[in-house]
Number of protein chains: 2
Amino acid sequence: MVQPHAIGRLSLYRRLLTDHLNPGTQFVFSHELATMARVSPAQVRRDLMHLDSTGSPSKGYRVDELVASLGNELDHPTGQLVALVGIGNLGRALMTYFQGRRERLAITAAFDRDPEKVNRVYQGCRCHHVEELETVLKRDNIRTTILAVPAADAQRMADRLVAAGVRGLLNYAPVPLRVPNDVYVEEQDMTTALERVAYFARERRPPRRED
Amino acid sequence: MVQPHAIGRLSLYRRLLTDHLNPGTQFVFSHELATMARVSPAQVRRDLMHLDSTGSPSKGYRVDELVASLGNELDHPTGQLVALVGIGNLGRALMTYFQGRRERLAITAAFDRDPEKVNRVYQGCRCHHVEELETVLKRDNIRTTILAVPAADAQRMADRLVAAGVRGLLNYAPVPLRVPNDVYVEEQDMTTALERVAYFARERRPPRRED
DNA sequence: GTAGCGCTGTGAGGCGATTCACAGTATCGC
DNA sequence: GCGATACTGTGAATCGCCTCACAGCGCTAC
């Protein structure tokens, strides 16, 4: 029903509304949100269409109501725990980046196999040894995981995660993962991204809409 | 002509061929590459169609030839330099991750405004103060940049980068950038990605093709 | 009260990317 | 040599997302 891209934009809209709006702003028009999100006004309206909050002509959307509706759509009703596997530079960056941002989406379990890291606390979250993976995930009923391990370990970890009940994977390892098709994987391949940018920084016309 | 997504896949194909194939493999079929890349065989063939290397029925594609053709398409003929702005955890992760992987695509300039970091060397690349941005970029004719600074600084940095001649931006800051439309930007929004994964880890049907 | 304006919500259309499906062909076995 | 096989290259069909364009409406001004 709802397109994957649309969900990403909803998340962005919420962030723009809460973090980048003049405090005290009560209403926004679709074209304002569109400008901030760098998409078309029609796109914004279509994305918000299915939400329970509705806009009024001549005022636009109530910001507080809209944020609440976006929360309804995006957040787990009671809260959702996230695990992070791999506490390298990238893992730590993700940690500092996410922690404390969303009340209902928090990294509560971290794993690494380096004994140096095990039992240390990162951003208020203790690092477990990977061997405890299954135990912790099942105990806390964690279904969402960020994978930030070296390429060589990624598939093996993914298999263990899926077996332990994980249904959503954010993969920063540079290998596409093979998972059953009721598991959602989002590949965040940095190499690919950089090579694409490098490519379009050169001769060819970049795929963009005019301003 | 060539679709942006296709370029990303070409980059992936190359990596799979060079890093994840049994050493000594001389030929691959589209369906083998497809399995590794988690796309359809038809997709692979269409992506490779425009390359100068051609496959043979009953043998498939010559690996060495294919890798060379992919290099022709993806790499700058003589080499392309990349700048990295922001040497936080994320910046350092990107650095260690990319350095030395591609002969013709290397991060050669790093910038931060923290005096602690300036003049230190990360992965063989000295960190300059942001004030030297324009000088260094112009001196080295750098047109590709990775932006890994806090949200609040992102747009200002982007403006300076574009003014200094940058034509491709890989943006890890969680704000969509406003740039002229001859500049290619790729947004790598981690928050959005995580919220999307969390969303699809829950009730809804994930958008995936069957195996 | 009423005219006018400008926005929302949305059906319909368009466009780009992916898949289908098949003609052409190199190889193998006999 | 020749038939069978399984793959590549690609036109055509399909699919899904985005944009267009407009009907409907609430607000404002007078």
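Since we're looking at a predicted model, the values are computed, not measured. Residue numbering restarts at 1 for every chain, and letters A, B, ... go by the order of the sequence lines.
- We find that CD of B:Gln3 is positioned 12 Å from P of C:dT19, with the value rounded to whole Å.
- Remark: B:His20 NE2 is packed, more than 12 non-hydrogen atoms of other residues, nucleotides or ligands lying under 6.0 Å away.
- Rounding to whole angstrom units, CZ of residue B:Phe29 and P of D:dA6 are separated by 11 Å.
- Minimum heavy-atom separation, B:Val130 to B:Val85: CG1-CG1, 4.5 Å.
- Straight-line distance from the NE2 atom of A:His5 to the P atom of D:dG16: 14 Å, rounded to whole Å.
- Distances shown here put every side-chain N or O of A:Gln43 at or beyond 4.0 Å from the OP1 or OP2 atom of D:dC17.
- Residues B:Arg104 and B:Gln80 have side chains that never bring a donor and an acceptor to within less than 3.5 angstrom of each other.
- For the salt bridge (charged side-chain N to carboxylate O under 4.0 Å, His left out) criterion with A:Arg14, the lone passing option out of A:Asp75, A:Asp47, A:Asp64 is A:Asp75.
- Nucleotide C:dT8 holds its P atom 10 Å from the CG atom of A:Leu33, rounded to whole Å.
- Taking only side-chain nitrogens and oxygens, A:Thr54 never comes nearer than 4.0 Å to OP1 or OP2 of C:dT8.
- Relative to the ring axis of A:Tyr13, A:Arg15 does not place its NZ or CZ within 45° and under 6.0 Å from the centre.
- B:Glu195 and A:Arg102 are joined by a salt bridge, as a carboxylate oxygen and a charged side-chain nitrogen come within less than 4.0 angstrom of each other.
- Between B:Arg9 and the phosphate of C:dT18, there is a side-chain N or O to OP1/OP2 separation shorter than 4.0 Å.
- Summarising the geometry, the separation between NZ on B:Lys59 and P on D:dG9 is reported as 15 Å, rounded to the nearest angstrom.
- Spacing between atom CD of B:Glu32 and atom P of D:dC7 amounts to 9 Å, rounded to whole angstrom units.
- Look at NE2 on B:His31: it is 17 Å from C1' on C:dT19, rounded to the nearest Å.
- Atom CZ of A:Arg62 is separated from atom C1' of C:dC7 by 18 Å (rounded to the nearest Å).
- Phosphate proximity of D:dC18 to A:Ser40: absent, as no side-chain N or O sits under 4.0 Å from OP1 or OP2.
- With the nearest nucleotide of DNA chain C identified for both A:Tyr61 and B:Ala6, A:Tyr61 has the one nearer the 5' end.
- B:Phe200 does not carry B:Arg202 over the face of its six-membered ring by the limits of under 6.0 Å from the centre and within 45° of the normal.
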What's touching nucleotides 10-15 of chain D from the protein side, N or O pairs under 3.5 Å?
residue, atom, partner, partner atom, Å
D:dG11, N7, B:Arg46, NH2, 3.1
D:dG11, O6, B:Arg46, NH2, 2.6

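- Place A:Pro57 and B:Ser30 on DNA chain D by their nearest nucleotides, and B:Ser30 ends up nearer the 5' end.
- Listed pair A:Ser58 / C:dG6 fails the phosphate criterion, with no side-chain N or O lying under 4.0 Å from OP1 or OP2.
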